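Structure first, then comments.
The figures here come from the full heavy-atom set of this structure, side chains too, leaving out hydrogens, waters and symmetry mates. So you know, we letter chains A, B, ... as the sequences are listed, proteins then strands, and number each from 1. In this text, all values refer to a predicted model and were calculated from it rather than measured experimentally.
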Amino acid sequence: MVSGARTSALDLASLHDEVLRWYAVSSRDLPWREPSCSPWGVLLSEVMSQQTPLARVEPIWREWMARWPTPADLARESPGEVVRAWGRLGYPRRALRLHEAATVIAQRHDGEVPRDQTELRALPGIGDYTAAAVAAFAFGDRSVVVDTNVRRVQARLVTGLAQASPAMTRAEVALAEDLLPDDDEDAATWNVAVMELGALVCTARAPRCEECPVSARCAWVLGGRPAYDGPPRRGQKWHGTDRQVRGIIVQALRESTEPVRREALAPGRDEVQVDRCLAGLVEDGLVEPVGAEHYALPGREEAAG
DNA sequence: CACACGTGGAA
DNA sequence: TTTCCAAGTGT
């Protein structure tokens with residue numbers, strides 16, 4: 001229960017001590033880490049940060065917190081305006097789901113972000129990671145937060161591999177559980193500290209092992225930093241894909257306050273592809289047809305899924 | 001389980 | 001220029 005076979009070779013107490021000490025002096029001053037930040041602010045930061053570098057998140061997060069300081073404020077907004085304010089953070093469906101989540105919070109949770117992980121997990125756009133992260137960072141709960149940073153740190157420090165496997169495994173969650181400090185307060189800090197270590201020191205491309213507080217006990221370093229030899233990651237295509245065309249269309253609509261003619265949405269692109277993307281975007285609720293050949297971001301009457 | 005889903009900065 | 005990849009989620 002306390003320390004499984006996976007971590008038997010580690011001195012957990014001093015491992016915790018060194019990482020928490022490092023975090024205390026090396027962590028970034030992010031606005032959603034301020035003690036005064038509301039659970040809503042934490043939730044917003046987590047969703048915005050999904051697959052998106054924090055440097056790009058911070059300015060948008062500040063705008064949103066000033067404009068919609070509570071879930072009820074966002075819920076009152078039209079989904080199209082929310083997608084517009086999302087700007088170029090990417091994956092705009094996240095903005096839509098945030099709007100839906102805010103609506104659920106306003107209607108079913110009395111306007112308060114739930115602190116129960118199961119209830120958080122039930123909100124649209126909130127998966128295992130985000131539910132655990134909000135529970136830990138907004139409410140100080142003892143939860144197991146496993147993101148890409150944690151997976152990479154664990155792969156190197158404990159397993160001795162250069163990278164984590166492409167898909168998350170049960171073993172990784174179990175390992176994260178084993179590594180969690182017994183003290184609840186330390187556990188909450190540990191979660192964010194390991195993430196921060198992965199983001200600043202134990203990075204994917206060029207890890208700064210000289211700056212790492214635990215490199216002396218890192219299985220990967222001890223093993224001579226062997227190269228990754230697992231299955232290759234599926235590289236994401238971009239040029240010419242539907243994803244690119246969808247991005248072009250939504251960007252055109254974000255920049256226009258009025259409905260846009262279909263031909264003006266993605267000039268020069270294959271019409272079949274544009275129609276397919278448009279149908280998908282309408283299906284997703286990100287775009288709304290206006291009349292016979294115009295399109296716009298969704299208004300207050302939300303398009304039926 | 002594999003794949004779709006945006007975007008931009010760094011190597 | 002191309003490739004990698006960043007606090008993942010939904011199907």
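Contacts of A:G90 with the nucleic acid, taken as non-hydrogen atoms under 4.0 Å apart, include base atoms. Using a 4.0 Å heavy-atom distance criterion, A:G247 is classed as a sugar-phosphate-only contact. Across all strands shown, A:R151 has no heavy atoms under 4.0 Å from either base or sugar-phosphate atoms. In this structure, A:A133 reaches neither bases nor backbone, as no heavy-atom distance under 4.0 Å exists between it and the strands shown. Within 4.0 Å of A:T241, counting heavy atoms only, lies no atom of the nucleic acid at all. Using a 4.0 Å heavy-atom cutoff across all strands shown, A:D128 reaches sugar-phosphate atoms only and no base atom.
The side chain of A:Q236 lies closest to B:dC5, out of B:dT7, C:dA7, B:dC5. In this structure, of B:dG8, C:dT9, C:dA7, it is B:dG8 that holds the atom nearest to the side chain of A:R88. Taking every side-chain heavy atom of A:R243 into account, B:dA4 is the closest of C:dC5, C:dT9, B:dA4. Ranking C:dA6, B:dG6, B:dA10 by closeness to the A:P53 side chain, first place goes to C:dA6. The A:T52 side chain lies nearest to B:dG6 when the options are C:dG8, B:dG6, C:dC5. The nucleotide whose nearest atom lies closest to any side-chain atom of A:Y91 is, among B:dA11, C:dG8, C:dG10, C:dG8. Distance from the side chain of A:D242 is smallest to B:dC5 among C:dA7, B:dG9, B:dC5.
Side-chain atoms of A:R151 do not come within 3.5 Å of backbone N or O of A:E172 as any donor-acceptor pair.
Comparing A:N149 and A:G125 by the nucleotide of DNA chain C whose heavy atom lies nearest to each, the residue mapping closer to the 5' end is A:N149.
For A:I60 and C:dA7, the CD1 to P distance is 17 Å, given to the nearest whole Å.
In this structure, A:W86 has its ring center under 6.0 Å from that of A:W64.
Using a 4.0 Å cut-off, no side-chain N or O of A:R234 falls inside it from OP1 or OP2 of B:dC5. OP1 or OP2 of C:dA6 lies within a sub-4.0 Å distance of a side-chain N or O belonging to A:T148. Taking 4.0 angstrom as the limit, A:Q50 places none of its side-chain polar atoms (N or O) nearer than this to OP1 or OP2 of C:dG8.
Residue A:R94 holds its CZ atom at 10.0 Å from CZ of A:R97, rounded to the nearest 0.5 Å.
A heavy-atom distance below 4.5 Å is not found between the side chains of A:L96 and A:V82.
Counting atom types as modelled, A:R56 pairs a side-chain N or O with a base atom of B:dT7 as donor and acceptor under 3.5 Å.
Separation of the P atoms belonging to B:dC5 and C:dA7 is 23 Å when rounded to the nearest angstrom.
Taking a 6.0 Å sphere around CD of A:E63, one finds it holds more than 12 heavy atoms contributed by other residues, nucleotides or ligands.
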